[in-house]
There are 2 protein chains.
Amino acid sequence: MQKEVTIYDIAKQLQLSPATVSRALNDHPAINSNTKTIITSKALEMGYRSNMFASNLRRQRTNTIGVIVPRLDSAFMSTVLAGMEKVVNESNYNLIISQSLESIKKEVTNAKTMFDSRVDGLLVSLSSDTENLDHFNAFFRKGIPLILFDRVVQQKNCTNIVIDNLKAGYDATIHLIEQGCKRIMHVSGSLKRNVYADRLKGYRLALLEHGLPGGDELERSTNLTRQDGLDIAAYIKRMPTPPDGLFVSSDFCAVSCMGALKQSGFSIPNDIAVVGFNNDPVSLVIDPTLTTIHYPGQEMGEIAAQSLINHLNGLLRLSATNTILLNYDLIVRGSSQRVKLA
Amino acid sequence: MQKEVTIYDIAKQLQLSPATVSRALNDHPAINSNTKTIITSKALEMGYRSNMFASNLRRQRTNTIGVIVPRLDSAFMSTVLAGMEKVVNESNYNLIISQSLESIKKEVTNAKTMFDSRVDGLLVSLSSDTENLDHFNAFFRKGIPLILFDRVVQQKNCTNIVIDNLKAGYDATIHLIEQGCKRIMHVSGSLKRNVYADRLKGYRLALLEHGLPGGDELERSTNLTRQDGLDIAAYIKRMPTPPDGLFVSSDFCAVSCMGALKQSGFSIPNDIAVVGFNNDPVSLVIDPTLTTIHYPGQEMGEIAAQSLINHLNGLLRLSATNTILLNYDLIVRGSSQRVKLA
DNA sequence: ATTCATAAAGCAATCGGTTGCATAACAAAC
DNA sequence: GTTTGTTATGCAACCGATTGCTTTATGAAT
């Protein structure tokens, strides 16, 4: 345990005041550039590192950004986090990460912790339980910016970063229609969440436009787990008239469902064409490879973090841009490709 | 922006000194328990929240734990992080997470940042580039505890948390031998890292014990990516005498290799029996499902975090336990099961 | 020579808890 | 009645950086 070097030590060595040292290290204009050079190099020589706590205490700023996500152990979320980490790190901010495990209760606790940690801003993807943003009121009152990404609710105080899930759901369904599907089923997640509700809307819209059948029998809301995929396959097998197209709001669930369908003798894509969502690595593992919507996780993380940081640095007024829409891609692979290419 | 409640405000309202308030809130024995009750309830009533920066500044302690991992976007690592987050959160600590992207250069930078953030302790899984722990010297000098998990190096200053990779590699290989394999190939990752080097040793040991052929032709060191899996499949196809058993140090890579092998006409497990590593979700997606070593990610995260916290709270002397070994399981599935069960 | 503007640096208060040491109050012991 | 001990509380310095205001130095303008 060795004593830390402080600006006082530097000041003493150079016969200057701590105030001057502090200003020099922060590149304050009132300091002679010559003096700055001397101080900076001395600081380096002495191995000085600023004490963030003293600084934060004084400035009422922490250079820390809080992140609350539903689960850390999801392929998608970890790419988002990777993107955030990248940006944040480059801008000299820190990340405090916590997970709500899809429970509003834990989300509330996490929000409290973040508040106590005095984060400068918050990046949140809502749990499936969450109904409103009341637990973030403390942040709104203090003017701490909140950006919602992926799982969002519309609210005027905060910016949303999403893809156009309705359109994506629409595109996925249209693609199945173009492959000749006449009876398309959709498996969605919790309809409390925009991502799933919107995709469902897009699906319905596409069916409507093409006069295809829909309704309860063809719409299943699940938790999109592996088991749900198996259950859906069993359900399909029992149907008097099984679907010839299947759009699942998650690759992982789609893939487990495909496995079970194949076991039951369905041929993919000929009996049933399948489209997933997220471009999860598993989509390339299954045979046939899975058609899916590529979801720009890394990019979403980067943009969310960058927007927040820009806002904090006064480079961007968040309230001006209420929603940022990212592009997605429909990636067509074997699980849906019936029409032969010329 | 509203003013924060401080201990001074509480003190004023109750006609007490800030010192007493501070002690009461920290449950100091010298304070009358009656006074404590009064202060605590007043604090609650006024909506007081401690200012961590003032506290940290004074105590030289941050209640923050730093984590450096190779990649955030890996299934295994996100379960580890989930486990850490869980424990840390319950113990009122915070997590600062960063990724080295398998580069020693970034790992060094991350370590610096963690040091500047004055983390109370560090949990690290090394990048594949890392040769030694010199970049953590600042931590050792200051007595800040460092726990290495999964990707470790032996060093007396720090605790390691790992599974017995050698034994796991041995077990995986023995399993293939039991299934009748006579010519077993092993695909490993960077041999600089214990996890891969040890599994290779275990593999070699098993071969040796059973007098089976090994050597360069049957040992491939790769980055264990999807592409590497495809390359290995191509390599196998070109071999004059292809192996009849394949042990790959990563499920993801194993799975992509299996896909390519199937395409090339190999039957699994009959022509080639395959064992992976990690029990990644994809292992259940591939057909046949993949035999693998279950790697307790969540548990590893929990134990690493808990050990560190216990040490910080003086409940456990880390130096006493230099290595913690976790249990793993060989999960036998279709990709290797040749012997019919009675 | 005097006044004034400007640049550069210092003084000292401040952020909000924490903690070693002193003090006060009161009871028990001598 | 004085001493000693115990318990509960207060005083004030401290952690280290920041910043409004003041001071000093320097040169230009009058």
Side-chain angles (χ1 to χ4, degrees), chain A residues 1-40 42-44 46-64 92 115-120 142, chain B residues 1-40 42-44 46-64 92 115-120 142:
Chain A
M1 190 72 93
Q2 52 191 20
K3 57 257 163 211
E4 296 283 340
V5 180
T6 71
I7 53 169
Y8 294 90
D9 302 325
I10 300 177
K12 205 167 294 169
Q13 292 236 356
L14 279 95
Q15 310 264 51
L16 286 168
S17 80
T20 306
V21 175
S22 170
R23 291 198 177 96
L25 293 173
N26 286 307
D27 208 20
H28 188 104
I31 303 293
N32 187 302
S33 68
N34 200 31
T35 319
K36 270 181 199 165
T37 319
I38 296 174
I39 293 180
T40 314
K42 192 72 181 178
L44 196 63
M46 297 177 66
Y48 168 79
R49 335 224 84 185
S50 166
N51 183 320
M52 289 177 48
F53 303 110
S55 173
N56 288 339
L57 174 59
R58 183 60 226 245
R59 293 209 250 214
Q60 310 281 22
R61 220 185 171 215
T62 65
N63 267 53
T64 296
N92 222 29
F115 190 72
D116 286 352
S117 303
R118 304 264 201 297
V119 293
D120 289 341
K142 287 199 65 181
Chain B
M1 191 71 93
Q2 52 192 15
K3 56 261 163 206
E4 296 284 340
V5 180
T6 71
I7 52 168
Y8 294 90
D9 302 326
I10 301 177
K12 205 168 295 171
Q13 291 235 356
L14 291 155
Q15 310 263 52
L16 287 168
S17 81
T20 306
V21 175
S22 170
R23 291 198 177 96
L25 293 173
N26 287 307
D27 208 20
H28 189 106
I31 301 293
N32 186 302
S33 69
N34 201 31
T35 320
K36 270 181 198 165
T37 319
I38 296 175
I39 292 179
T40 314
K42 193 69 181 181
L44 196 64
M46 295 176 69
Y48 168 80
R49 340 222 81 187
S50 166
N51 184 322
M52 288 177 47
F53 303 108
S55 172
N56 289 339
L57 174 58
R58 184 59 226 243
R59 291 208 251 213
Q60 310 280 27
R61 216 182 172 217
T62 65
N63 268 56
T64 297
N92 222 29
F115 190 73
D116 287 351
S117 303
R118 306 271 203 288
V119 294
D120 289 341
K142 287 200 65 182

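The sequence lines fix the lettering, A, B, ..., with proteins before strands; numbering per chain opens at 1.
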Look at all strands and tell whether B:Tyr8 reaches a base, only sugar-phosphate, or nothing, counting heavy atoms closer than 4.0 Å.
base

Shortest non-hydrogen separation from B:Ala24 to B:Ile39 and the atoms involved
CB-CD1, 3.5 Å

Tell me whether the OP1 or OP2 atom of [N] has a side-chain N or O from [X] closer than 4.0 Å.
| X | N | answer |
| --- | --- | --- |
| A:Ser55 | D:dT18 | yes |
| B:Ser17 | D:dC11 | no |
| A:Thr20 | C:dG10 | yes |
| A:Arg58 | C:dT14 | no |
| B:Tyr48 | C:dG17 | yes |
| A:Gln60 | C:dG16 | yes |

I want to confirm an ordering. Mapping B:Leu16 and A:Thr6 to their closest nucleotides on DNA chain D, which one lands closer to the 5' end?
B:Leu16

Just verifying a value: how many Å separate B:Leu57 CG and B:Arg118 CZ, rounded to the nearest 0.5 Å?
9.5 Å

Straight-line distance of A:Phe53 CZ to B:Asn56 CG, nearest 0.5 Å:
4.5 Å

Rounding to an integer number of Å, can you tell me how far [X] [atom1] sits from [N] [atom2]?
| X | N | atom1 | atom2 | result |
| --- | --- | --- | --- | --- |
| B:Ile10 | D:dG10 | CD1 | P | 14 Å |
| B:Asn63 | C:dG17 | CG | C1' | 14 Å |
| A:Ile7 | D:dC14 | CD1 | P | 16 Å |
| B:Leu25 | C:dT18 | CG | P | 8 Å |
| A:Arg59 | C:dG16 | CZ | C1' | 17 Å |
| A:Met52 | D:dT18 | CE | P | 12 Å |
| B:Asn56 | C:dC15 | CG | P | 18 Å |
| B:Leu57 | C:dT14 | CG | C1' | 12 Å |

Confirm from the modelled atom types if B:Arg23 and D:dG10 form a donor-acceptor pair under 3.5 Å, side chain to base only.
yes

Which of these nucleotides, D:dG10, C:dC15, D:dG16, is closest to any side-chain atom of A:Ala54?
D:dG16

So which nucleotide from D:dG16, C:dC11, D:dA17 ends up closest to the side chain of A:Ala19?
C:dC11

Please walk me through it: do B:Lys142 and B:Phe115 pass side-chain contact (heavy atoms from CB on, under 4.5 Å)?
CA-CA 10 Å; B:Lys142 287 200 65 182; B:Phe115 190 73; 3.6 Å; yes

Considering only heavy atoms, which members of residues 26-35 of chain A lie under 4.0 Å from some atom of DNA chain C?
A:Ala30, A:Ile31, A:Asn32, A:Thr35

Is a side-chain N or O of B:Asn32 found less than 3.5 angstrom from the main chain of B:Asn34, in a donor-acceptor match?
yes

Name the residue from B:Asp9, B:Val21, B:Leu25, B:Thr40 that meets the side chain to side chain contact (heavy atoms under 4.5 Å, CB included) definition with B:Tyr48.
B:Leu25

Side-chain H-bond candidate by donor/acceptor type, A:Thr62 with A:Asp120, under 3.5 Å
yes

Taking atom types as modelled, find out whether B:Thr20 and B:Ser17 have a side-chain donor-acceptor pair closer than 3.5 angstrom.
yes

